[in-house]
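Comments concern the structure below.
Computed over heavy atoms, backbone and side chain alike; hydrogens, waters and symmetry mates excluded. Proteins come first, then strands; the chains are lettered A, B, ... in the order of their sequence lines, and each starts at number 1.
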There are 4 protein chains.
Amino acid sequence: MDRTAYHRTVPRKQSATRAGIAPEAETKSARTRARILDAAAHVLSVKGYAGTRLSDVAEYAEIQAPAIYYYFSSREELIEEVMFAGIAEMRRYLKDVVDGLPADMSPMDKILTAVEAHLRHELELSDYTTASIRNSGQIPEHLRSRQRKEEVGYGRLWRKLFDEALAEGMIDPDLDVRTAQLLVMGGLNWAAEWFDPRKFSIDEVVRNAQTLVRNGLLSHK
Amino acid sequence: MDRTAYHRTVPRKQSATRAGIAPEAETKSARTRARILDAAAHVLSVKGYAGTRLSDVAEYAEIQAPAIYYYFSSREELIEEVMFAGIAEMRRYLKDVVDGLPADMSPMDKILTAVEAHLRHELELSDYTTASIRNSGQIPEHLRSRQRKEEVGYGRLWRKLFDEALAEGMIDPDLDVRTAQLLVMGGLNWAAEWFDPRKFSIDEVVRNAQTLVRNGLLSHK
Amino acid sequence: MDRTAYHRTVPRKQSATRAGIAPEAETKSARTRARILDAAAHVLSVKGYAGTRLSDVAEYAEIQAPAIYYYFSSREELIEEVMFAGIAEMRRYLKDVVDGLPADMSPMDKILTAVEAHLRHELELSDYTTASIRNSGQIPEHLRSRQRKEEVGYGRLWRKLFDEALAEGMIDPDLDVRTAQLLVMGGLNWAAEWFDPRKFSIDEVVRNAQTLVRNGLLSHK
Amino acid sequence: MDRTAYHRTVPRKQSATRAGIAPEAETKSARTRARILDAAAHVLSVKGYAGTRLSDVAEYAEIQAPAIYYYFSSREELIEEVMFAGIAEMRRYLKDVVDGLPADMSPMDKILTAVEAHLRHELELSDYTTASIRNSGQIPEHLRSRQRKEEVGYGRLWRKLFDEALAEGMIDPDLDVRTAQLLVMGGLNWAAEWFDPRKFSIDEVVRNAQTLVRNGLLSHK
DNA sequence: CATGAATGAGCCTTCATTCAT
DNA sequence: AATGAATGAAGGCTCATTCAT
């Protein structure tokens, strides 16, 4: 298998310094709104749900706290949107990547492409993703409905890939696909906790993860 | 390889309903203190650092909130102790398990034993572990020194196992041991986020994780 | 000696009902801040350092307690400022009075002018002064540095007057100037404890104090 | 006038290190009670009414806080007793001293004796006295009835002396006796605020106060 | 659009007090 | 006679939120 083939299919994300997911907005108003969202994602990823103070968000966004209310009707709505945006964007991105793959690519290569897409998105756009990932267990239930739907949808993308691989006999029969999928995705999610761009390169992490996943899932009989 | 051989070396943990790490204490005072710690671990794992209210801890421990101050001098001290206890206990446990293994066991089997030990401890005693794991990024720096030391120590235990396996040529040369170790441990850590005893058995999760790890690390040339 | 000569040099202070030292402020914000300070001075003078509750201060200032934090970052800062303002204002006032005296006035007459200034300030603006005076022994050390400096400066003003009188041979040689000064100032300070405008007039108290001090210090040989 | 004549009439108080007013008690129980009272006087004089914590009193008395309740039914009762004891003891002491004076002693010399007695009692036994003096303005009304009665009685002792002096024409006719008396007593009371045994000797303070008072009151026409 | 000013709710913490031992 | 353990009440402080400007 050509290990570099799928590489090219995953575009580089914007630089981590920009770190926002909101599009470069036209109106000033939309830009302020985006800045608030970005700031909230950042604070949320660092301080957690209960620790996210509007004053911190405001400071990071370089506005006054009450100004937030011009764009969001409450702290909860703002946070809900960050949590949703994190996973929704991730899902949309993975879907685009997978849909863009050649129809004849092997299921395992598709999975490895997904591994790369997930890692790049998580580690390069880390605020939204880690906000969404780290806090999904701490957020009150009533803020999670949209996010949960996206999570399920996101999981479904992966499930399809795993199911295809299973159907083609590429998965070690000792494994339960569902459990294996969760363990794999967990390994990827957790990378945000230890990844430090000064110690690792993303490419390196991607390569190792792909090797580990391919080895791990493949039937070696 | 006999997949059940190392199984027997990892003892069952106490049932998850007890969920505490403090020993069954002698004096009533020590028992109250332990109950508070257990309660704090529980709340912390669910609500996160900033969301952990002493009133919730007290309610869970079936005391009044100010009683906490009879045993801990501040909310911070209580939380610090939970965070420390979670990882310290995990480390002590893994060390005992590994030290008890037969000297001639293969490095890979040792790793698989560690996988099982980590998962059982995490999923059965989940409050302390998930508290420690989930909040390690949200807790103020000054509360983390003891915990961090334990984390390093814990990582060293795993590192030794991986290094042995590497030395014996059991690790796929395409992998960087350090990165692979972090990805593996992440997959295990994350299990606390999705594991639901009503949908999975711990044995099943352990078995899948072991297969995945063995396949994933092993050289298949 | 014409006992009324120095009288005219000491202006009447504003009425005790206003009781504040802050200038009639321009902005509403500054007025609220001044109201809080005045209220704190009042409560502090009555209840003492430890007994001063922000809720009482707030009630007296006709705001809600948390509003205090908009103007002062802590209870301690508020109290520190009251304590400082009390003595600083007193010092500034006495300095102005003394500096305005004719150069050829006799040292004893200057002392008597100071006696009057001290008493008027203390008894008419009593909240700040009694707050500062009564609590100077109960306040934690770290809140006293600015106040202490003012106290020293205030004492120096008096010291100069006493030294002049000594130099001109007007002090009874049986007296130690320093001790006499402390006893005299104590008598004046203490007046806030017993002075009741319904039973005494300030003019009367001033006159008696002046007589007592002049007689007391003067050499009668 | 022989300035040393009245000196001998005022006995030295017990050393300041003992600092208690309770008699050397017989039973251990009575001794503990006395220790608590002494401790309360000390804390009260330093921290003020609201700042006096039973835990501090207990620590100073070298017992546990709840033990106080074996001897006093509440914090208020304990404080009330200290406040009362301070002034009551002062009054009893001054009365004994004055009653012991030769019938033919001049009224002014009697006043000077009182000056000495007041200062010695205040500066040597300072805890009770300063507790009583400093807090008399901060204590809730319902704790003051016994103390107030003693204060009035104590004031009456002084009043008699001043009235005698007035009757014998020894008081400057420019003075109002009542006002003069309050100013004099204030000067003495305040001495506790500045007196520092490392800088002054009590004898020296007494001598200066006597000179000042004699000069101050005396008619010099 | 944005901010200065203010408030209500809630949390951590302290402390007098109680009670069983 | 004294203490360990616990509680109820209250106070300082923070923070989301509102509102007039």
Side-chain angles (χ1 to χ4, degrees), chain A residues 27-29 32-33 50-58 62-79, chain B residues 27-33 36 50-58 61-79, chain C residues 27-33 36 50-58 61-79, chain D residues 27-33 36 50-58 61-79:
Chain A
T27 72
K28 188 188 164 214
S29 170
T32 306
R33 193 191 133 96
T52 295
R53 289 178 304 206
L54 290 191
S55 53
D56 288 349
V57 173
E62 294 179 309
I63 54 168
Q64 300 297 318
I68 294 174
Y69 286 86
Y70 189 81
Y71 300 94
F72 301 89
S73 68
S74 71
R75 172 181 182 272
E76 293 203 337
E77 191 194 293
L78 169 59
I79 290 180
Chain B
T27 71
K28 189 185 164 215
S29 172
R31 252 175 291 131
T32 305
R33 195 190 134 98
I36 294 173
T52 295
R53 289 178 302 212
L54 291 191
S55 54
D56 288 348
V57 173
E62 294 179 307
I63 54 169
Q64 300 299 315
I68 294 174
Y69 285 85
Y70 190 80
Y71 298 95
F72 302 89
S73 66
S74 71
R75 173 183 179 273
E76 294 204 337
E77 191 194 293
L78 170 60
I79 290 179
Chain C
T27 71
K28 189 187 164 216
S29 172
R31 252 176 290 132
T32 305
R33 195 191 131 98
I36 294 173
T52 294
R53 289 178 301 212
L54 291 190
S55 54
D56 288 347
V57 173
E62 295 179 306
I63 54 167
Q64 300 299 315
I68 294 173
Y69 286 86
Y70 191 80
Y71 297 95
F72 301 90
S73 67
S74 70
R75 174 184 179 271
E76 293 203 338
E77 190 193 294
L78 170 59
I79 290 180
Chain D
T27 70
K28 188 188 164 213
S29 171
R31 251 175 292 131
T32 305
R33 195 191 132 97
I36 294 172
T52 295
R53 289 179 305 205
L54 291 191
S55 54
D56 288 348
V57 173
E62 295 179 307
I63 54 169
Q64 300 297 317
I68 294 174
Y69 286 86
Y70 190 81
Y71 300 95
F72 301 89
S73 68
S74 71
R75 171 182 184 271
E76 294 203 337
E77 192 195 292
L78 169 61
I79 289 180

Side chain of [X], heavy atoms from C-beta onward: which of [options] has the nearest atom to it?
X: D:Y70; options: F:dT3, F:dA1, E:dT7; value: F:dA1
X: D:Y69; options: F:dC15, E:dT18, F:dC13; value: E:dT18
X: C:A67; options: F:dA2, E:dA5, E:dT7; value: E:dT7
X: D:L54; options: E:dT17, E:dA6, E:dG4; value: E:dT17
X: C:P66; options: E:dC19, F:dT18, F:dC15; value: F:dC15
X: A:R75; options: F:dT17, F:dG4, E:dA2; value: F:dT17

Nearest whole Å is fine: how far is [N] [atom2] from [X] [atom1]?
X: C:Q64; N: E:dT7; atom1: CD; atom2: C1'; result: 6 Å
X: C:Y71; N: F:dG12; atom1: OH; atom2: C1'; result: 19 Å
X: C:R31; N: E:dA6; atom1: CZ; atom2: P; result: 11 Å
X: A:E62; N: E:dT3; atom1: CD; atom2: C1'; result: 16 Å
X: B:R33; N: F:dG4; atom1: CZ; atom2: C1'; result: 16 Å
X: A:D56; N: F:dC15; atom1: CG; atom2: P; result: 8 Å
X: B:I68; N: F:dT7; atom1: CD1; atom2: P; result: 11 Å

Item to complete: Return the 5'-most residue of the pair A:A65, D:R53 with respect to DNA chain E, ranking by each residue's nearest nucleotide.
Response: A:A65

Is the phosphate of [N], meaning OP1 or OP2, less than 4.0 Å from a side-chain N or O of [X]?
X: A:S55; N: F:dT14; value: no
X: B:K28; N: E:dT21; value: no
X: C:S74; N: F:dG12; value: no

Item to complete: Have a look at A:S73 and say if it touches a base, only the backbone sugar-phosphate, or nothing, with a 4.0 Å heavy-atom cut-off.
Response: nothing

Practice prompt. Could you check whether A:F72 gets within reach of a base, just the sugar-phosphate, or nothing at all, counting any heavy atom under 4.0 Å?
Written response: nothing

Worksheet entry | B:Y69 to B:S74 - nearest heavy-atom pair and separation | CE2-CA, 3.9 Å

Fill in: Separation between OG of C:S55 and CZ of C:R53, rounded to the nearest 0.5 Å
5.0 Å

Fill in: B:E77 atom CD, over 12 foreign heavy atoms within 6.0 Å
yes

Discussion item. By the definition side chain to side chain contact (heavy atoms under 4.5 Å, CB included), identify the one residue from A:I79, A:I63, A:I68 that meets it with A:V57.
Written reply: A:I68

Response to the item:
Checking N1-N3 plus N6-O4 or O6-N4 for Watson-Crick, or N1-O2 and O6-N3 for wobble, each under 3.5 Å, the partner of F:dT7 is E:dA16

Worksheet item: For F:dT21, which nucleotide in any strand shown is its Watson-Crick or wobble partner with both distances under 3.5 Å?
Response: E:dA2

Fill in: Beyond-backbone contact of C:Y70 with C:R33, side-chain heavy atoms, under 4.5 angstrom
no

Worksheet item: Does the side chain of A:T52 come within less than 4.5 Å of A:R75's, by heavy atoms?
Response: yes

